[in-house]
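As structure tokens, the structure follows; a few thoughts come after it.
These numbers come from a predicted model, not from an experiment. Chain A is the first sequence line, chain B the second, and so forth, proteins listed ahead of strands; every chain is numbered from 1.
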Number of protein chains: 2
Amino acid sequence: MARQVAQRDDLLPVLAETFREHGYEGASLSLIATATGLGKGSLYHFFPGGKAEMVEAVLAEIEAWFEARVFAPLRQDDDPAAAIAQMFGTVTDYFRSGRRVCLVGALSLSDARDRFGQALRRYFALWVEALTEALTRVGHPPEGATALSEDIVGGIQGAVVLARALDRPETFERILVCLRERARAA
Amino acid sequence: MARQVAQRDDLLPVLAETFREHGYEGASLSLIATATGLGKGSLYHFFPGGKAEMVEAVLAEIEAWFEARVFAPLRQDDDPAAAIAQMFGTVTDYFRSGRRVCLVGALSLSDARDRFGQALRRYFALWVEALTEALTRVGHPPEGATALSEDIVGGIQGAVVLARALDRPETFERILVCLRERARAA
DNA sequence: GTCTATAGATCGATAGAC
DNA sequence: GTCTATCGATCTATAGAC
């Protein structure tokens with residue numbers, strides 16, 4: 001077993017999953033060390049700020065991921081209807097039909113919200129704005145597009161909560177089908 | 001200041017608020033002791049099972065609270081339309097327009113979900129079933145009533161997430177107005 | 001860059017005095 | 001029924017060897 005020279009960026013997906021599964025307080029450094037296969041010393045080498053810096057890095061990567069695959073297409077794809085359809089597909093996969101928690105949403109409900117407030121607000125603000133843009137381009141009246149966009153982004157978050165509580169991934173998928181329907185032009 | 005003889009039930013609202021604000025892991029016994037004004041010894045006198053038993057008790061009280069004020073009226077009030085309207089009003093107050101977290105929803109997104117799974121499932125199942133009943137009685141076709149009910153209950157949870165992340169209580173209220181509109185008979 | 005060892009604080013939980 | 005004192009475990013974070 002050769003000594004691995006870890007890259008900071010390679011740790012981010014593992015860190016993200018650990019925070020998703022255990023939350024900010026629940027994800028202890030020992031747990032993170034086990035999950036990443038690194039010692040605490042190594043973790044502090046990459047993230048001198050400790051857990052807080054890890055979460056910041058994870059949130060930045062999540063935002064970049066959504067920016068590339070969801071937000072940017074919604075904003076400027078030549079075919080806004082296709083971008084919206086792609087969004088629902090991407091999100092269903094990403095959240096594993098509600099089996100996987102949205103880290104941004106979960107942090108928003110925790111007391112970590114105050115610490116990471118700016119990143120959390122940015123993520124949802126970007127999403128709502130990008131979707132509003134696509135809804136407008138697809139023919140929705142500009143007066144109602146922001147409200148509809150908030151309904152949909154909020155609806156997705158609620159679908160995660162409900163599907164996880166009821167332990168019914170089908171519920172997540174059905175709600176998303178319904179939201180997709182509402183996103184169609186009138 | 002006379003020595004207070006605490007009643008177990010009197011502690012529940014304080015415990016609920018503490019868990020709402022700090023989550024299951026974040027609400028330490030020291031924090032709970034400070035919030036309730038009791039020592040750890042007293043807390044273990046009332047809740048021999050520690051934090052887990054406190055959360056169970058809080059969840060039971062929350063369910064009873066909603067049963068009396070929301071679920072029962074939805075199920076059997078003579079005026080189902082009024083019960084639905086009352087539900088939206090009660091919920092808006094209860095969640096402080098999204099400033100206050102739904103403890104059941106927050107626990108569903110945390111790793112405490114597995115420990116308290118049954119209580120979390122019960123709460124949302126009762127809500128969805130009761131609202132389905134009211135929607136049917138108000139004239140919605142039975143085939144679509146369950147789906148609409150899930151949309152609404154999930155939508156409320158999502159509204160809490162989004163409003164907290166964006167720090168915009170108005171967003172919570174606007175989403176609830178929209179959901180209330182969809183609950184009207186066709 | 002990674003590790004072990006460990007500091008210092010805090011955790012959940014218990015014991016015993018009153 | 002409430003308190004203080006305290007246990008052992010675990011926590012975040014650091015130090016220093018390699």
Heavy-atom neighbours of A:Arg122 CZ exceed 12 at 6.0 Å: no
NZ/NE/NH1/NH2 to OD/OE distance under 4.0 Å, B:Arg8 and B:Glu61: no
B:Lys51 vs C:dG12: side-chain N/O to OP1/OP2 distance below 4.0 Å: yes
Distance in angstrom units between A:Phe47 CZ and C:dG1 C1', rounded: 14 Å
Which nucleotide in D:dT12, C:dT14, D:dT2 has an atom nearest any side-chain atom of A:Lys40: D:dT12
Validation row: A:Arg115, A:Leu107 side chains within 4.5 angstrom (heavy atoms): no
Residues which pass ring pair (Phe, Tyr, Trp, His ring centres under 6.0 Å) with A:Phe116, listed by chain and number, not counting sequence neighbours: A:Tyr24
Aromatic ring pairing A:Phe95/A:Phe172, orientation class (parallel under 30°, perpendicular over 60°, tilted between): perpendicular
Contact residues, residues 28-36 of chain A to DNA chain D [heavy atom, < 4.0 Å]: A:Ser28, A:Leu29, A:Ser30
Distance in angstrom units between A:Leu43 CG and D:dC11 C1', rounded: 14 Å
Sugar-phosphate, base or nothing in reach of B:Gly41, heavy atoms under 4.0 Å: base
Interatomic distance, A:Asp9 CG vs C:dG1 C1' [rounded to whole Å]: 16 Å
Side-chain N,O (A:Ser42) to OP1/OP2 (C:dG1) below 4.0 Å: no
Among C:dT2, C:dA13, D:dT12, the nucleotide that comes nearest once only the side chain of A:Tyr44 is considered: D:dT12
Gap between atoms NE2 and P, on A:His45 and D:dA13 respectively (whole Å): 17 Å
d(CG, B:Leu15; P, C:dG12) in whole Å: 13 Å
Distance in angstrom units between B:Leu11 CG and D:dG1 C1', rounded: 12 Å
Salt bridge (charged side-chain N to carboxylate O under 4.0 Å, His left out) partners for B:Arg182, two or more places apart: B:Asp151
Euclidean distance, atom CG of residue A:Asp10 to atom C1' of C:dT2 [Å, nearest integer]: 16 Å
Salt bridge present between A:Arg75 and A:Glu67 (N-O < 4.0 angstrom): yes
